[in-house]
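Source: prediction; values computed, not measured. Sequence lines set the chain letters: A, B, ... in the order given, protein chains first and strands last, and positions in each chain run from 1.
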There are 4 protein chains.
Amino acid sequence: MNNKDIDFEKLLYGGNVTEEEMATRQWQIIEAAIKVFAEKGYEGSRTSDIAKEAEIAEGTIFRYFKTKKDLLLGILFPLIAKILRPMLLSSVENVMKNENKRSIDKVLILIMLDRLTLVIKNKELIKTVAIESLYHPDLLKPLRADIAPRIIETINDFVEKNIALGNFRDLNPTLISRSLASSLMGYIILKGLAPDTFSLGSDEDEIKNIVDILLNGIGIIK
Amino acid sequence: MNNKDIDFEKLLYGGNVTEEEMATRQWQIIEAAIKVFAEKGYEGSRTSDIAKEAEIAEGTIFRYFKTKKDLLLGILFPLIAKILRPMLLSSVENVMKNENKRSIDKVLILIMLDRLTLVIKNKELIKTVAIESLYHPDLLKPLRADIAPRIIETINDFVEKNIALGNFRDLNPTLISRSLASSLMGYIILKGLAPDTFSLGSDEDEIKNIVDILLNGIGIIK
Amino acid sequence: MNNKDIDFEKLLYGGNVTEEEMATRQWQIIEAAIKVFAEKGYEGSRTSDIAKEAEIAEGTIFRYFKTKKDLLLGILFPLIAKILRPMLLSSVENVMKNENKRSIDKVLILIMLDRLTLVIKNKELIKTVAIESLYHPDLLKPLRADIAPRIIETINDFVEKNIALGNFRDLNPTLISRSLASSLMGYIILKGLAPDTFSLGSDEDEIKNIVDILLNGIGIIK
Amino acid sequence: MNNKDIDFEKLLYGGNVTEEEMATRQWQIIEAAIKVFAEKGYEGSRTSDIAKEAEIAEGTIFRYFKTKKDLLLGILFPLIAKILRPMLLSSVENVMKNENKRSIDKVLILIMLDRLTLVIKNKELIKTVAIESLYHPDLLKPLRADIAPRIIETINDFVEKNIALGNFRDLNPTLISRSLASSLMGYIILKGLAPDTFSLGSDEDEIKNIVDILLNGIGIIK
DNA sequence: TATGAATGAGTCTTCATTCAT
DNA sequence: CATGAATGAAGACTCATTCAT
């Protein structure tokens, strides 16, 4: 496989992108790669380790991915199929349908918990893409071109709608989007770096506090 | 040099830890390493690249660092000398001296701008330590043991003082510390990932907005 | 392979230790190593030379021997299989069966010729083990522990039997064993160092003279 | 220094070849080299180790010996000055003067003890020359050309004289010389390899036994 | 199609040798 | 003359990739 073979458009919005469409072997290899890459980094990983993790012969990897680099690009496939696509499709719409019936803090908590779950479930994959994209800009290219704009658009829609509804202050929507993202990212990263210091309770309790601060700030209301 | 030779205690609080104490050659190599590591990652970097960057012979590296791994550990020295030490010593005290005379938003803006400057000036070094510590836990060991606790303590002191002063809400101090950190980290990371989307103005203007949201939240005050 | 994998016990006394038990490639490499080590010494040999001698790629060596040092230890395998084992099993018994029917000088000549043939056929291997064991004591460890005692025991049995039979003088058996060994070693070494001076005839003629002197001395019988 | 600078002729027979003639530094280096070479072999030795052993700077070695190889050739100087020259000059003549007054066994014991002492006192040097000459034939060239013939000649004279005197059997003198050499070499080597097995008493007692066997053989006199 | 032995370019690292001080 | 920092060629060893089976 080769990243050129990935039709991101179809992948994001196509009807039935299931694992069946990708050869079982390919998934097997990609999943092993995600695990090993997360543990040792792309350059620090050995194709022999990946083969062992996938319980196949080393040579078999190269029947499905021409080079090790293609294997790195290959993990974009599950990134989109398992993370970005669900992020766009599933939750936001579902949550927003009920938006009027719920207060904004409940909505934010639901959305953030949903994202948090998705991130935690796929933390190895996200870790690898996040880090390796810093060294391999071509990893980001398909994301930047096709996917990031839609994610940003979706978030912006959500923010603008809530500004209009009087749930958010009338700030630059990007500022608010960034705050939403920062709050969640900060929680995840700091919990990862120093769990002893920064882990205060269950994810649900934590998210409630985060949303409280996000909405109301840390300052005294004067 | 060897990381065991670094006296982190002295480094953090000692009187005069200047570059003079470390052989010029060693600094030259470390600085080249920081640059190359930031560009290609530790595993993706070649000692020959580092030598070229430092404009010395490859063999010379190994007169100062027994192994490539020691070179990675060697960048902890400038991390502490150039970033963590200044973070602890310089700004907080200076800012806090004037704290009573300034409103909290001004103080936060000054602190955050100060940190932001420090981070931007050393972004290569920070990037490398942040990433490689995920793959080489021994990189974090000295930080975790000696330095992280002091940083957290300093931040907590600041937060608790401001809670007492009525500048911050009476929340769990860790929650507030985390919000402070998240806001800044989020700004830096998102600006790095998608400058087109997330860069809205000068750093100073951005920080003002961030502090506004941090203090007052994104929600409508009811 | 690794020297720990060698079961010296089985190697010495096991039924069928043939080259088939060791991968062909391994033998190919070991034989090349013996040749190159004998020519340039262990430290003076390059793994690239050994690969060229074996007509394989350099990397292939390391599929079979983790390090160059393991390759040195690997030559113990043929040392035992091709030299020490035959020395213990074949000749002595065969010769001793006929001992009573032959005079002692004939027996000694047969034994010494047999050993000489074995040594000459394997002189590269013996040279390398003899020399390198002076610098790598771990090379001797397995020999000293398992094998040397048996060889000495076999020789002592032979000597003591012949003392009892009235063929040898009633001296300390070790003295006699040492004389036997010295005579043969001296011949081989001096012939190697200065063939022009010390090579007087065919090996068979030489051995006859050596055994004559060994039995009767160089002095005049008074 | 360079081996071409050594005047072996003068060295062997010259009146006053003392250490004073060679720069003290040179001796210091050579002696360190002998020690380190004996321990690790020529190829296994580092010039830095030799410098440390000699308690000088590494660069200083190269003021006296253009290359490491020249340093190896340099140890021929003390080989000749301290071993071969004394072997030729001192003992044989002294012993032979008294030859008529002593029985041949006493003479042999004295000669062998004398040689043995010389060898033991210089075993590091001899070990290195013996081994390295197998890998660097040029080490032997000066010895073969100038020195070995004289040694052989001296021994042969001794042997032939004793044949004439009726002390030795009328065998090929080379056979007898070889037996003399083998007996001593065998004793030294076997004692070195397996002291537990082959060391039976004081050197003097051992030599007496060796000379007994050498003169009278191990067989029963019929 | 799957395998894994073989490959050899590319790495880190060593160390004899040079030379400015 | 002595030093030892710097050099870079050369070595052991790794590992992505190929290919015969």
Is the phosphate of [N] approached by [X] (side-chain N or O, under 4.0 Å from OP1 or OP2)?
X: Thr47(C); N: dA12(F); result: yes
X: Tyr64(B); N: dA6(F); result: yes
X: Arg63(A); N: dA2(E); result: no

ask   = Is the backbone of Leu139(C) close enough, under 3.5 Å, to the side chain of Glu132(C) for a donor and an acceptor to pair up by distance?
value = no
ask   = Would you say the side-chain atoms of Lys68(B) pair up with the backbone N or O of Tyr42(B), donor to acceptor, closer than 3.5 Å?
value = yes
inquiry  = Check this for me: does any side-chain nitrogen of one of Lys35(C) and Glu124(C) sit under 4.0 Å from a carboxylate oxygen of the other?
reply    = no
query = Between Trp27(B) and Glu31(B), is a side chain to side chain contact (heavy atoms under 4.5 Å, CB included) present by the stated rule, with each step listed?
reply = CA-CA 6 Å; Trp27(B) 272 108; Glu31(B) 255 146 35; 3.7 Å; yes
ask   = How about Lys123(D): does its NZ atom have over 12 heavy atoms from other parts shown lying under 6.0 Å from it?
value = no
request  = Please indicate whether Lys69(B) has more than 12 foreign heavy atoms, meaning atoms of other residues, nucleotides or ligands, lying under 6.0 Å from its NZ.
outcome  = yes
ask   = Which nucleotide, dT17(F), dC1(F), dC12(E), lies nearest any side-chain atom of Arg46(B)?
value = dC12(E)
Listed nucleotide nearest any side-chain atom of Lys68(B), set dT17(E), dC12(E), dC1(F) = dC12(E)
Atom [atom1] of [X] and atom [atom2] of [N]: how far apart are they, to the nearest Å?
X: Phe65(D); N: dA2(F); atom1: CZ; atom2: P; answer: 13 Å
X: Asp49(A); N: dA16(F); atom1: CG; atom2: C1'; answer: 12 Å
X: Lys52(B); N: dA6(F); atom1: NZ; atom2: P; answer: 20 Å
X: Gln26(D); N: dA2(F); atom1: CD; atom2: C1'; answer: 15 Å
X: Leu72(B); N: dT11(E); atom1: CG; atom2: C1'; answer: 17 Å
X: Phe37(B); N: dC12(E); atom1: CZ; atom2: P; answer: 9 Å
X: Arg25(B); N: dA6(F); atom1: CZ; atom2: C1'; answer: 7 Å
X: Gln28(A); N: dT1(E); atom1: CD; atom2: P; answer: 15 Å

query = Between Leu79(C) and Asn122(C), is any pair of side-chain heavy atoms under 4.5 Å apart?
reply = no
inquiry  = Can you pull out the residues from residues 53-62 of chain D that lie within a 4.0 Å heavy-atom distance of DNA chain F?
reply    = Ile56(D), Ala57(D), Gly59(D), Thr60(D)
message = Can you give me the closest heavy-atom contact between Tyr135(A) and Glu39(B), atom names plus distance?
response = CD2-O, 3.4 Å
query = Distance only, no hydrogens: is a donor on one side chain within 3.5 Å (strictly under) of an acceptor on the other, for Thr47(D) and Glu58(D)?
reply = yes
ask   = Which dot-bracket string describes DNA chain E (Watson-Crick N1-N3 plus N6-O4 or O6-N4, or G-U N1-O2 and O6-N3, all under 3.5 Å; [ ] crossing; | other strand)?
value = .||||||||||||||||||||
